Asks: 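First the structure, which I've put down as structure tokens, then a few questions once you've had a look.
Only this structure's heavy atoms are used, side chains among them; waters, hydrogens and symmetry mates stay out. All of these numbers come straight from a predicted model, not from anything done at the bench. Atoms within each ligand, like the ligands themselves, are counted from 1 in listed order.
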Amino acid sequence: MNNSVELKIEGKTYTLPIIIGSQDEKAIDIRTLRNETGYITIDSGYGNTGSCQSSITYIDGEKGILRYRGIPVEVLAEKSTFVETSYLLIYGHLPTKSELSDFSNKLRYHSLIHEDMLHFYDGYPSTAHPMAILSSMVCSLSAYYTDSLDPKDLEQVEHLIPRVLSKLRTIAAYSFKKSIGQPVIYPKNSLSYCENFLHMMFAVPSEPYEINPEAVAALNMLLILHADHEQNCSTSTVRLVGSSDANLFASIAAGVCALWGPKHGGANQSVVEMLVEIEKNGRDVNAALKAAKDKNSTFRLMGFGHRVYKNYDPRAKVIKAACDNLLNKLKKKDPLLDIARKLEEAALSDSYFVERKLFPNVDFYSGIMYRALGIPKNMYTVMFSLGRLPGWIAHWREMHFDNDDRIGRPRQIYTGETLQEYRPIGDRN
Ligand code: SDX
């Protein structure tokens, strides 16, 4: 195989190196292109642009393959825990017993947030979306760790990693409690990561709360499936913000904001809203499909389609099967699951979706599982943030310590006015 390609511009031939990944993915290295030719490349939405080289997560969108550090996500979903998978993503290998116990202990120990931060919650209206609260609270953590914010100091970074992982969970649970007017429930450090989250979400001071092991298993699985997805919009945001040497909390807060949008992590909430709407309208899935295909409508089939997957999203496959399982174990029924299945079936046999290779993505069935766990709709994207956190951290850390960490700064092709005269206000009409 050649290790370079030739590009002919205005009669002159330039040689550009080829970079090949460990799975034979190929890229043309254009770093010198503008200096040598005066040309840049343009790629709106970055559909064809590699922003970095990374050894964290591999996706083959045509085959529907997703692996964290080489391990298939389905295997991790079945056998691992969220804490172990977080370690794998961040540090690059499965932890030994002592590494896992050390990491878990740090997560337990750092579960509280500074008591002053509890007052922040009082400043939000009761209608505030928990993603607004989460992003600002995570950024506010940087005010409490002023001596550990240097992204180039590995010791400081290692100090922050378990803190942000543990505290984001507490912030998320507190924001739910505040939104329903219940007292916050402090973390109980004897519990595992997921148990502690459920405890902070659903326990109340006035009566005992028993943690359901089925709910813990389902939560571990969901968080694992969301834990990383290479250069998606929010992770790219974390890397871009981090590339300016902004601290870890600020970079993660930016990732939370990017995730919030309905084209990205916000889709899990939108899917359930869409399914509820279909239920209200007599369960007619064809009307939703028709609207999704209508180019004059802004409606899209939420939880469907993906930039990278041109096949079934492997995470959606696992969640779809797990939904049934969880509802059976919890002895619950959810009409939305039947509607979702009918909608999927209809879409997958409709030529519009078939031709465009639009399949259910991770967000299509996840909301139904969160519903079964008693988590309210406006918390679904918070749950996605909780799951994606180790991925954001792993990429931020990799960028700073393993990779080329030049500031992210794309170029543009300017299409505005050429040189224009400044006219005083009295001369304008
Ligand atoms: C996530 O990138 C990641 O890895 C993200 C993620 C992660 O783990 O980080 O996997 C998580 O964000 C999942 C995606 C959640 N979003 C949704 O479910 C929202 C609905 N889906 C879409 O809006 C859309 O499919 C995107 C945003 C997910 C992907 O957008 P692309 O890659 O820019 O695709 P596109 O808009 O160019 O679509 C190609 C064609 C277009 O039609 P034509 O112009 O060719 O006629 O497919 C159509 C689109 O209009 N299309 C849809 C559709 N998705 C794409 N038509 C109807 N319904 C849809 N859902």
Side-chain angles (χ1 to χ4, degrees), residues 43-51 54 56-62 64-68 73 77 85 89 131 222-239 255-275 278 285-319 340 343-344 346-348 350-367 380-381 383-392 394-395:
D43 180 22
S44 76
Y46 307 129
N48 211 32
T49 295
S51 61
S54 175
I56 301 170
T57 286
Y58 172 69
I59 302 176
D60 183 328
E62 275 70 36
I65 292 174
L66 169 60
R67 298 183 197 135
Y68 300 160
V73 75
T85 295
L89 283 167
M131 286 297 274
L222 281 166
L223 296 182
I224 289 170
L225 291 173
H226 286 83
D228 192 39
H229 215 237
E230 48 115 309
Q231 309 309 321
N232 59 84
C233 176
S234 55
T235 304
S236 297
T237 300
V238 169
R239 289 186 89 121
V256 172
C257 291
L259 189 73
W260 192 0
K263 282 187 186 169
H264 191 16
N268 55 13
Q269 177 176 339
S270 309
V271 168
V272 168
E273 285 164 353
M274 174 182 80
L275 296 174
I278 295 174
V285 296
N286 290 319
L289 286 192
K290 197 171 163 212
K293 295 188 287 186
D294 180 358
K295 294 292 173 200
N296 295 318
S297 151
T298 54
F299 177 79
R300 289 288 167 268
L301 199 59
M302 301 314 287
F304 252 75
H306 200 277
R307 173 62 60 79
V308 181
Y309 291 119
K310 302 302 164 202
N311 202 327
Y312 215 107
D313 181 332
R315 302 165 297 177
K317 222 180 252 176
V318 177
I319 299 175
L343 188 57
E344 179 194 330
L348 295 186
D350 184 305
S351 59
Y352 174 97
F353 292 88
V354 174
E355 278 158 22
R356 289 170 180 74
K357 299 187 173 142
L358 303 171
F359 291 88
N361 60 49
V362 67
D363 293 315
F364 194 65
Y365 286 101
S366 60
Y380 296 170
T381 314
M383 299 308 296
F384 195 150
S385 309
L386 210 55
R388 183 53 52 86
L389 185 58
W392 289 334
H395 282 272

Asks: Where does Tyr352 meet ligand 1, judged by heavy-atom distances below 4.0 Å: at the side chain, the backbone, both, or neither?
Replies: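 Contact part for Tyr352 vs ligand 1: side chain (C-beta onward).
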Asks: Numbering the atoms of ligand 1 from 1, which are under 4.0 Å from a heavy atom of Gly305?
Replies: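 That gives atoms 25 (O), 28 (C) of ligand 1.
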Asks: How close do Ala227 and Leu89 get, heavy atom to heavy atom, and via which atoms?
Replies: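 In terms of heavy atoms, the two residues are closest at CB-CD1, 3.5 Å.
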Asks: So is Pro262 touching ligand 1 or not, going by heavy atoms under 4.0 Å?
Replies: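 Within the 4.0 Å threshold, so yes.
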Asks: Tell me whether atom 21 (N) of ligand 1 lies less than 4.0 Å from at least one protein heavy-atom position.
Replies: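 Yes, there is a protein heavy atom closer to it than 4.0 Å.
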Asks: How does Glu230 reach ligand 1, if at all, at less than 4.0 Å between non-hydrogen atoms: by side chain, backbone, both, or neither?
Replies: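 The answer is neither.
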Asks: In ligand 1, which numbered atoms sit nearer than 4.0 Å to a non-hydrogen atom of Asn232?
Replies: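 Numbered from 1, ligand 1 contributes 2 (O), 3 (C), 4 (O), 5 (C), 9 (O).
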Asks: Using a 4.0 Å cut-off to any heavy atom of Lys295, which atoms of ligand 1 qualify?
Replies: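 Checking each atom against Lys295, I get 42 (O), 43 (P), 44 (O), 46 (O), 50 (O).
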Asks: Could you check atom 27 (C) of ligand 1 against the protein and tell me its nearest heavy-atom contact, residue, atom and distance included?
Replies: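 In this structure, atom 27 (C) of ligand 1 has Lys263 O, 3.8 Å as its nearest protein heavy atom.
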Asks: With side chains defined as the heavy atoms from C-beta onward, is the minimum distance between Arg315 and His229 less than 4.5 Å?
Replies: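 A side-chain contact exists here, since the closest heavy-atom pair is under 4.5 Å.
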Asks: Hey, is atom 32 (O) of ligand 1 touched by any protein heavy atom at less than 4.0 Å?
Replies: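 Protein heavy atoms within 4.0 Å of atom 32 (O) of ligand 1 - there is at least one.
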Asks: Determine whether more than 12 heavy atoms belonging to other residues, nucleotides or ligands lie under 6.0 Å from atom CZ of Phe299.
Replies: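 Counting neighbours around CZ of Phe299, more than 12 heavy atoms of other residues, nucleotides or ligands fall under 6.0 Å, so yes.
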Asks: Got a protein heavy atom sitting under 4.0 Å from atom 37 (O) of ligand 1?
Replies: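 Given the 4.0 Å cut-off, atom 37 (O) of ligand 1 does not count as touching protein heavy atoms.
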Asks: In Å, rounded to the nearest 0.5 Å, how long is the span from CG of Asp350 to CG of Leu289?
Replies: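 Reported value, rounded in 0.5 Å steps: 5.5 Å.
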Asks: Do Pro262 and Met302 come within less than 4.5 Å of each other through their side chains, counting heavy atoms only?
Replies: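 Side-chain contact under 4.5 Å: yes.
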Asks: May I ask you to list the atoms of ligand 1 that are less than 4.0 angstrom from any heavy atom of Ala267?
Replies: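 Those qualifying, in numeric order: 15 (C), 16 (N), 17 (C), 18 (O).
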Asks: To the nearest 0.5 Å, how far apart are OH in Tyr58 and CG in Asp228?
Replies: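 So the OH of Tyr58 and the CG of Asp228 are separated by 15.0 Å.
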Asks: When you measure from atom 13 (C) of ligand 1 to every protein heavy atom, which one gives the shortest distance, and what is it?
Replies: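 Protein heavy atom at minimum distance: Asp363 OD2, 3.5 Å.
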Asks: May I ask you to identify the nearest protein heavy atom to atom 14 (C) of ligand 1, giving residue, atom name and distance to one decimal place in Å?
Replies: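 For atom 14 (C) of ligand 1, the nearest protein heavy atom comes out as Asn361 ND2, 3.4 Å.
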Asks: Hey, which atoms in ligand 1 end up nearer than 4.0 Å to a heavy atom of Arg300?
Replies: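 Those of ligand 1 that fall under 4.0 Å from Arg300 are 50 (O), 52 (C), 53 (C), 56 (N), 57 (C), 58 (N), 59 (C), 60 (N).
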Asks: Quick test: of every protein heavy atom, which one is nearest to atom 24 (C) of ligand 1, and how far off is it to 0.1 Å?
Replies: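 Heavy-atom neighbour on the protein nearest atom 24 (C) of ligand 1: Phe304 O, 4.3 Å.
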Asks: If hydrogens are left out, which of His306, Arg307, Met302, Lys310 has an atom nearest to atom 6 (C) of ligand 1, that is, the closest non-hydrogen atom?
Replies: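 Checking each option, the heavy atom nearest atom 6 (C) of ligand 1 is found in His306.
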Asks: Tell me the contacting part of Arg388 for ligand 1: side chain, backbone, both, or neither, using a 4.0 Å heavy-atom threshold, strictly below.
Replies: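 Answer for Arg388: side chain.
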Asks: Using a 4.5 Å cut-off on heavy atoms from C-beta on, say whether the side chain of Arg239 contacts that of Gln231.
Replies: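 Yes - at least one pair of side-chain heavy atoms lies under 4.5 Å apart.
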Asks: Check if Arg315 has a non-hydrogen atom at a distance under 4.0 Å from any atom of ligand 1.
Replies: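 Checking ligand 1 against Arg315, which is what was asked, there is a heavy-atom contact under 4.0 Å.
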Asks: Heavy atoms only: which of Leu259, Asp313, Leu301, Val308 lies closest to atom 59 (C) of ligand 1?
Replies: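 When every heavy atom of Leu259, Asp313, Leu301, Val308 is considered, Leu301 comes closest to atom 59 (C) of ligand 1.
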Asks: Heavy atoms, side chains only, cut-off 4.5 Å: are Tyr380 and Asp363 in contact?
Replies: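 Sidechains of Asp363 and Tyr380: no contact.
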Asks: Under the criterion side-chain contact (heavy atoms from CB on, under 4.5 Å), I'd like the reasoning laid out for Ser366 against His226: C-alpha separation, chi angles, the key distance, then a yes or no.
Replies: CA-CA 10 Å; Ser366 60; His226 286 83; 4.2 Å; yes
Asks: Does a side-chain heavy-atom distance below 4.5 Å link Phe364 with Ile319?
Replies: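 Contact flag for Phe364/Ile319 side chains = no.
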Asks: Look at atom 12 (O) of ligand 1 and say which protein heavy atom is nearest, naming residue and atom and giving the distance to 0.1 Å.
Replies: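 Looking at atom 12 (O) of ligand 1, the protein heavy atom closest to it is His264 ND1, 2.8 Å.
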Asks: Checking Tyr365 against Glu344: is there a side-chain donor and acceptor pair closer than 3.5 Å?
Replies: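 The criterion, which ignores hydrogens and geometry beyond distance, is satisfied for Tyr365 and Glu344.
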Asks: Just so I know, are the side chains of Leu301 and Leu358 near enough to count as touching, which here means a heavy-atom distance under 4.5 Å?
Replies: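 Contact flag for Leu301/Leu358 side chains = no.
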Asks: Between Cys233 and ligand 1, which residue portion shows a heavy-atom distance shorter than 4.0 Å: side chain, backbone, both, or neither?
Replies: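 Neither part.
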Asks: Starting from atom 4 (O) of ligand 1, what is the nearest protein heavy atom, named by residue and atom, and what distance separates them?
Replies: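 It is His229 ND1, 2.6 Å.
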Asks: Write down the atom of Pro360, the atom of Tyr312, and the distance for their closest heavy-atom approach.
Replies: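 What the structure gives for the nearest pair is CG-OH, 3.5 Å.
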Asks: Nearest protein heavy atom to atom 45 (O) of ligand 1, by residue and atom, and its distance?
Replies: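 For this ligand atom, the closest protein heavy atom is Arg356 NE, 3.7 Å.
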Asks: As an exercise, identify every atom of ligand 1 less than 4.0 angstrom from a heavy atom of Gly303.
Replies: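 Close to Gly303: 17 (C), 18 (O).
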Asks: Should we say atom CG of Asp43 is surrounded by more than 12 heavy atoms from elsewhere, each under 6.0 Å from it?
Replies: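 It does: Asp43 CG has more than 12 such atoms within range.
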Asks: Within ligand 1, which atoms have a heavy atom of Ala292 less than 4.0 Å away?
Replies: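 Those atoms are 57 (C).
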Asks: Should the ring pair Phe304 and Phe353 be called parallel, tilted or perpendicular, given that the plane angle runs from 0 to 90° and is split at 30 and 60?
Replies: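 Plane angle over 60°, so perpendicular.
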Asks: Taking only heavy atoms of Leu358 into account, list the atoms of ligand 1 that are under 4.0 Å away from them.
Replies: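 Per the distance check, 47 (O), 51 (N), 52 (C), 53 (C), 54 (N), 55 (C), 56 (N).
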Asks: Is it the side chain, the backbone, both or neither of Val271 that has a heavy atom closer than 4.0 Å to ligand 1?
Replies: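 Val271 to ligand 1: no contact under 4.0 Å from either part.
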Asks: Ser385 versus Trp260: any side-chain heavy-atom pair under 4.5 Å?
Replies: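 With C-beta onward as the side chain, the pair stays apart.
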